[in-house]
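Lettering of chains follows the sequences in order, A, B, ..., and the numbering in each one begins at 1. All values reported here derive from a predicted model rather than from experimental measurement. Keep in mind that the numbers below use all heavy atoms, side chains included, and drop hydrogens, waters and symmetry copies.
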There are 2 protein chains.
Amino acid sequence: MKPVNLKRLAEELNLSIATVSRALQDSYEVSAATKERVRALATALHYEPNAYASSLRRNQSKTIGVVIPKVTNHFFALAINGIEEAARQRGYHVLIYLTHDDYAREVAIIQHLKGGRVDGILMSVASGTEDTAHIRSLRDANIPLVFFDRVRSEIATAQVTTNDYESSYQATEHLLAAGCRHIAHLLISNNLSIGRNRLQGYRDALHAHGLPPDPDLILAGTMNNEQNVGRLQDLMQHRPDIDGIFASVERLAVSAYHVCRQLGRRIPEDVKVVGFSNLESVSLFDPPLTTITQPAHDIGREAARILLQAVEKKRAISPSQSVVLNSELVQRRSTATA
Amino acid sequence: MKPVNLKRLAEELNLSIATVSRALQDSYEVSAATKERVRALATALHYEPNAYASSLRRNQSKTIGVVIPKVTNHFFALAINGIEEAARQRGYHVLIYLTHDDYAREVAIIQHLKGGRVDGILMSVASGTEDTAHIRSLRDANIPLVFFDRVRSEIATAQVTTNDYESSYQATEHLLAAGCRHIAHLLISNNLSIGRNRLQGYRDALHAHGLPPDPDLILAGTMNNEQNVGRLQDLMQHRPDIDGIFASVERLAVSAYHVCRQLGRRIPEDVKVVGFSNLESVSLFDPPLTTITQPAHDIGREAARILLQAVEKKRAISPSQSVVLNSELVQRRSTATA
DNA sequence: CTGTTAGCGCTTTCAA
DNA sequence: TTGAAAGCGCTAACAG
């Protein structure tokens with residue numbers, strides 16, 4: 001079967017390639033009659049323009065790249081959902097790249113994307129990333145970038161985040177109000193913006209309520225979850241006075257539940273737990289987990305919106321376009337034998 | 001800043017474009033010395049080949065498309081993980097498209113992909129899909145396709161699935177062994193291969209144990225979860241004899257928990273529940289959910305492997321390359337005050 | 001070992 | 001309103 005491209009259409013219609021191209025783009029300089037003829041044949045032959053030829057010529061790919069640590073995390077899954085929605089609405093495609101929180105991978109991915117495969121990039125940085133030269137180099141390559149959730153403020157671009165500081169402050173106050181006096185904080189990583197903000201909210205809330213800071217109660221997680229569990233066990237055993245846990249990320253909240261059970265510490269009687277999470281089924285946990293839930297879908301949609309607007313208008317993105325959305329503290333009742 | 005492309009490199013090195021191109025591809029017909037000079041400048045100028053020019057010329061995009069119903073579902077998230085891994089290893093990129101279980105979207109996406117944007121497609125069909133003409137048309141467009149999980153066997157291509165029938169049979173027997181005699185089945189959709197296979201496993205297990213089929217115990221879900229919950233409430237109220245629930249998908253298992261609680265039916269004393277699920281934290285449910293867990297990551301990796309092999313060898317894919325992986329019945333102990 | 005040349009499919013001046 | 005022609009950046013004959 002002969003390929004169906006502009007040349008083919010032009011031949012069959014006795015028109016020039018240029019006219020066919022213009023007709024399909026609904027150009028004003030083509031007669032209605034010709035447009036009709038062209039369109040008819042195009043649909044009859046199931047013509048689909050070659051995206052690469054078009055991209056090469058126009059120097060734009062109608063594609064955005066999404067660079068995230070992982071997709072097996074409800075937050076990122078929801079964010080992708082929002083991104084895909086915004087992209088589709090404007091006719092853009094979405095390439096996914098997973099860093100698995102590995103710095104080297106992140107560098108390789110970014111370097112590769114500078115080949116013009118994408119018109120813009122949405123990114124949530126890896127926890128292993130310290131140096132950000134690779135990200136800065138995107139500016140030279142003229143590829144717009146918008147950060148979401150895990151940002152690096154030293155890079156001058158827009159970022160879409162949530163009120164991590166405030167919601168962490170609020171979550172800590174929630175535990176304090178429930179009577180907790182020795183609240184542990186499970187930190188995702190020292191490296192990440194979100195980790196630092198959440199930690200600060202926790203610290204300031206304690207301070208505001210006259211509680212002294214206790215560095216021993218702050219546990220920094222790693223990428224290795226078994227290791228986290230081990231350290232958490234140590235902490236809980238050495239500090240039987242712990243009566244509250246604030247987990248800065250879902251994975252650690254889940255680990256906290258497991259460890260408490262192993263050690264026979266009852267939730268919520270002995271230890272109260274609050275954690276960041278986007279998992280709906282936490283209300284089936286025993287007992288239900290109180291969460292700070294981020295508007296993940298909106299974050300993705302908003303980030304994509306900002307990026308695509310800049311791409312289409314060929315305007316640079318400035319930090320002033322950043323957006324902060326609000327997370328929600330969700331307290332779930334146990335429905336067990338309600 | 002002048003663009004850095006082959007022409008630019010050639011000029012600066014006083015070589016022809018062709019030689020530079022060959023040098024960068026490590027062609028045997030270029031002297032080691034020249035290769036060195038070329039590579040040095042290329043890295044110095046951060047040269048990155050234009051993916052679209054290359055794709056246009058070679059008529060291959062080094063990109064695969066993944067068409068799935070949704071990403072906010074741990075099964076698909078894990079599958080993407082596996083796909084991305086296999087793709088990256090071979091230097092391929094991954095485009096994501098979400099159908100949201102909508103037939104029209106699926107058709108539009110497939111049509112669009114015929115424009116040559118991808119070298120192959122991995123797909124899990126939408127529950128809203130009845131007619132599959134759009135999928136068949138991929139064959140004419142010469143785009144290889146591999147199904148995973150939600151397949152359509154009338155289309156002659158490879159598919160990667162799990163032993164849904166057997167694991168459903170086993171799950172049903174598990175409930176029977178636990179003493180259940182009136183087991184409800186929550187079906188994901190009449191339309192889907194996985195739904196039919198799981199239903200059949202359930203039916204045959206009941207039959208093998210001498211229990212008569214009871215169509216009233218089979219509840220077909222829809223995309224609207226509130227509606228599902230409503231129907232489930234009705235069912236449970238009209239049939240107080242129900243003492244077991246087998247949910248063919250995670251979402252329905254979670255709903256089953258909620259409904260049982262609303263109605264004051266204790267799990268597992270009054271009603272035992274088993275469900276397909278890839279969520280790790282089900283062990284924190286109250287009580288822990290017994291699950292059939294699919295090897296989602298492997299499914300994705302395997303599907304990508306089959307597809308990419310065909311793409312690279314330019315070989316057609318035949319149904320004989322299909323693979324069936326095994327799910328696992330996971331019974332979790334309650335760790336509460338263990 | 002290196003250069004010349006044609007062309008992938010499309011868009012877009014410029015000319016008619 | 002239509003056509004001819006150049007060229008996006010790259011690869012791959014073919015020639016030397």
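- Using a 4.0 Å cut-off between a side-chain N of Lys or Arg and a carboxylate O of Asp or Glu, B/Asp101 and B/Arg150 qualify as a salt bridge.
- Atom-to-atom, CG of A/Leu24 to C1' of C/dT12 comes out at 15 Å; the value is rounded to the nearest Å.
- For A/His134 and A/Glu106, the side-chain atoms include at least one donor-acceptor pair closer than 3.5 Å.
- Applying the salt bridge (Lys or Arg N to Asp or Glu O under 4.0 Å) rule to B/Lys114 yields no partners; only residues at least two apart in sequence or on another chain are considered.
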Exercise for the section: Assign a letter to each nucleotide of nucleotides 2-10 of chain C from its 5' end: B, base within under 4.0 Å of a protein heavy atom; S, sugar-phosphate only; -, no contact. Expected result: BBB-BBBBB
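- In terms of modelled atom types and a separation under 3.5 Å, the side chain of B/Ser21 and the main chain of B/Ile17 share no donor-acceptor contact.
- Scored by the side-chain hydrogen bond (donor to acceptor under 3.5 Å, both in side chains) test, B/Arg117 finds A/Thr63, A/His93 as partners (sequence neighbours excluded).
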